[in-house]
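Both counts, for ligands and for their atoms, begin at 1 and track the order of listing.
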Amino acid sequence: MPYDALGNRPNRTRVLFVSSEIYPLAKSGGLADVSGALPRFIAAAGEIDIILMLPGYPTALELLENQVSLLRLQDLPGGDATLILGDLPGSDLRVLVVDNPDLFYRPGLYTDENGLDWPDNAIRFAALCHAACRVAIGDAVPHWRADVVHCNDWHTGLIPMLLAAHPCPRPKTVMTIHNLAFQGNFPGAFLDELALPAGQYSSENLEFYGNLSFLKSGILHADSLTTVSPSYAEEILGDEFGMGFEGVLRARQSDLVGILNGIDTDAWNPGQDCLIPARYGIDHMAGKARCKASLQADWGLAVDPDATLIIFLARLELQKMADCLIDILPELMSRPKLQLAVLGAGTPEIEAALADWPRRATGRVAVHIGYDEELAHQLIAAGDILLHGSRFEPCGLTPLYALRYGTIPIVNQVGGLRDTTIGATAETLDAGIANAVHFVERSSAAMLAAVDQAVALRADSGTWHRLQSAAMAADFSWHKPAAAYGKIYEGLVVPRQFAPV
Ligand code: ADP
Ligand code: GLC
């Protein structure tokens with residue numbers, strides 16, 4: 001089969017996958033995990049050539065392999081940028097980076113060191129959107145234009161509108177909503193700086209409760225809409241979880257589908273994980289005990305195999321009920337032989353409220369404020385229980401990693417967690433299918449009751465082993481979701497008969 005100048009097979013569907021975070025180039029949460037893994041499986045699953053694209057953050061430019069400067073992109077919002085092509089480390093995926101030092105050479109992806117949004121975020125991500133459109137229509141990368149642009153979250157929300165204004169045949173667009181809480185809303189005064197087609201600032205378009213909204217624009221104009229679990233796809237049509245977008249989403253309901261995220265089962269595999277001190281599987285769990293002892297020692301906890309080690313690994317924010325963790329901490333410490341290890345970063349007040357606990361409960365509470373991929377693996381391998389509250393949860397990857405590592409998640413029944421976990425009840429335990437402990441009410445009291453239930457279950461080693469077996473056997477590989485995305489692309493693209501670009 002002939003290849004073109006960029007190594008593409010001409011009869012394949014070409015997808016530009018644009019995301020603000022792609023693991024390992026840049027990460028603040030699950031969006032990066034999805035963007036770093038899903039495209040590999042999409043490429044492997046079908047007749048699809050895929051190129052990834054993200055902003056030129058310092059980490060991205062440091063880690064991107066085999067970099068080549070392709071061209072200068074002129075007159076983008078925020079100034080000119082260099083388009084750099086390279087390879088995603090650890091894969092053969094190609095990645096385009098929009099390099100504008102003024103916009104992207106900063107310590108945080110979205111916020112400064114005090115957690116405040118960069119004031120020019122609208123311009124920074126408008127630059128990404130415009131650059132992506134130029135690539136998509138064939139104006140940037142020689143011999144390449146996209147059949148489909150796959151947009152992720154608000155940072156890419158202007159792309160569908162910009163492409164909709166492009167003469168046909170134009171690339172089609174898929175917009176994946178990873179989290180409706182992040183909306184990309186900015187004062188209307190930014191409008192002039194975003195180089196948008198005229199007449200877009202109306203309530204039928206960009207305008208959203210007095211602001212301009214990147215996400216609303218994406219939702220309205222994308223040819224196809226997806227979100228990251230079937231349950232969240234239903235929930236966001238209603239007032240409780242729609243976050244103001246329920247009306248807009250209901251209007252596009254027939255184009256919206258929930259595709260459950262997968263996980264990278266190579267990177268997150270206790271049987272081969274090089275980031276943890278010992279490897280293990282359900283038939284040889286001694287390695288998990290070693291991981292626990294090692295973490296207890298490293299984090300200043302009492303080294304005690306019988307203590308129940310609860311881990312909390314999440315953005316320290318209201319979404320993850322980190323405030324409720326703080327509420328219940330005194331009660332937790334009144335339970336015998338219970339330890340807590342926290343790894344997270346987020347709201348300064350929550351960070352501050354946690355910071356004192358290792359001193360107040362020496363040997364029983366350890367807190368690492370910060371972001372550390374290696375520690376995240378070690379924590380998940382070491383824990384007996386992952387405490388993971390969610391006021392809402394589009395999918396929730398951390399509980400899926402915990403399941404794979406035999407660390408039983410305590411989660412509430414919301415969003416993707418309804419689709420991935422089975423709470424322990426007399427029946428589910430009997431049937432050997434329980435893999436989690438559930439709580440329903442999103443409150444501190446319900447969270448505490450769930451911890452007590454989990455600790456009681458752990459007291460019976462046979463029951464606990466059955467829970468761990470079910471957890472570790474669950475299949476969350478990317479194969480099925482990748483095929484589902486492939487089908488969506490297929491449905492959008494008019495078959496191309498070896499058309500020259
Ligand atoms: P969200 O995207 O809402 O933050 P997910 O559970 O889907 O939630 O994904 C979170 C990802 O971020 C997981 O890969 C998790 O391991 C990682 N993570 C969260 N906090 C930290 C941290 N402090 N250090 C390292 N990894 C973290
Ligand atoms: C979001 C959601 C999380 C989801 C992740 C990846 O940040 O909060 O639930 O797993 O994106 O899709």
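When heavy-atom distances to ligand 1 are checked against a 4.0 Å cut-off, Lys27 comes that close only through its side chain, counted from C-beta outward. With a 4.0 Å cut-off on non-hydrogen atoms, Asn261 does not touch ligand 1 at all.
Scanning all protein heavy atoms for the shortest distance to atom 4 (O) of ligand 1 gives Arg315 NE, 2.8 Å. Protein heavy atom closest to atom 14 (O) of ligand 1, with residue, atom name and distance, is Asp33 OD2, 2.6 Å. Nearest protein neighbour of atom 8 (O) of ligand 1, counting heavy atoms only, is Lys320 NZ, 3.1 Å. What sits closest to atom 7 (O) of ligand 1 on the protein, heavy atoms only, is Leu397 N, 3.0 Å. Residue, atom and distance of the protein heavy atom nearest to atom 2 (O) of ligand 1 are Gly30 N, 2.7 Å. Atom 21 (C) of ligand 1 has as its closest protein heavy atom Tyr371 CE1, 3.4 Å.
Looking at Glu393 and Arg418, no side-chain N of the basic residue comes within less than 4.0 Å of a carboxylate O on the acidic one, giving no salt bridge.
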Please lay out, stage by stage, how Asp87 and Arg94 fare under the test salt bridge (charged side-chain N to carboxylate O under 4.0 Å, His left out).
-> CA-CA 5 Å; Asp87 296 327; Arg94 289 157 307 158; over 6 Å; no
Phe186/Phe214 under ring pair (Phe, Tyr, Trp, His ring centres under 6.0 Å): CA gap, chis, key distance, verdict = CA-CA 8 Å; Phe186 303 97; Phe214 277 45; 5.4 Å; yes
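Residue contact check: Tyr401 has heavy atoms under 4.0 Å from atoms 13 (C), 14 (O) of ligand 1. Taking a cut-off of under 4.0 Å to the non-hydrogen atoms of Leu313, the atoms of ligand 1 that pass are 16 (O), 20 (N), 21 (C), 22 (C), 27 (C).
Scanning for ring-ring contact (aromatic ring centres under 6.0 Å, His included) contacts around His155 gives Tyr110, Phe125, with sequence neighbours left out. Under the rule for a side-chain hydrogen bond (donor to acceptor under 3.5 Å, both in side chains), the partners of Ser28 that lie at least two apart in sequence or sit in another chain are Glu21. The side-chain hydrogen bond (donor to acceptor under 3.5 Å, both in side chains) test applied to Arg391 returns Asp323, not counting sequence neighbours.
At most 12 non-hydrogen atoms from other residues, nucleotides or ligands lie less than 6.0 angstrom from CD of Glu234.
Here the rule is side-chain contact (heavy atoms from CB on, under 4.5 Å) with Val18, and of Ile51, Thr173, Thr156 only Thr156 fits it. The one candidate from Tyr401, Phe476, Tyr23 that meets the ring-ring contact (aromatic ring centres under 6.0 Å, His included) condition with Trp268 is Tyr401.
Checked against a 6.0 Å centroid threshold, the rings of Phe41 and Tyr485 do not count as neighbours. For Phe208 and Phe245, the ring centers sit closer than 6.0 Å to each other.
Note: no N/O pair closer than 3.5 Å links Ser28 and ligand 1 by distance alone. Any N or O atom pair closer than 3.5 Å counts here, and Gly370 shares at least one such pair with ligand 1. Of the N or O atoms in Ala376, none lie within a sub-3.5 Å distance of an N or O in ligand 1.
Looking at heavy atoms from C-beta onward, Phe312 lies out of side-chain contact with Leu386 at the 4.5 angstrom threshold. Between Arg124 and Trp118 there is a side-chain heavy-atom pair separated by less than 4.5 Å.
Under a 4.0 angstrom heavy-atom cut-off, Gly344 registers as being in contact with ligand 1.
Which of Asp372, Thr398, Leu31 comes nearest to atom 13 (C) of ligand 1 through a heavy atom is settled by distance: it is Thr398.
In this structure, ligand 2 sits under 4.0 Å from heavy atoms belonging to Gly30, Leu31, Val34, His178, Asn179, Val228, Asn261, Arg315, Gln319, Glu393, Pro394, Cys395, Gly396, Leu397.
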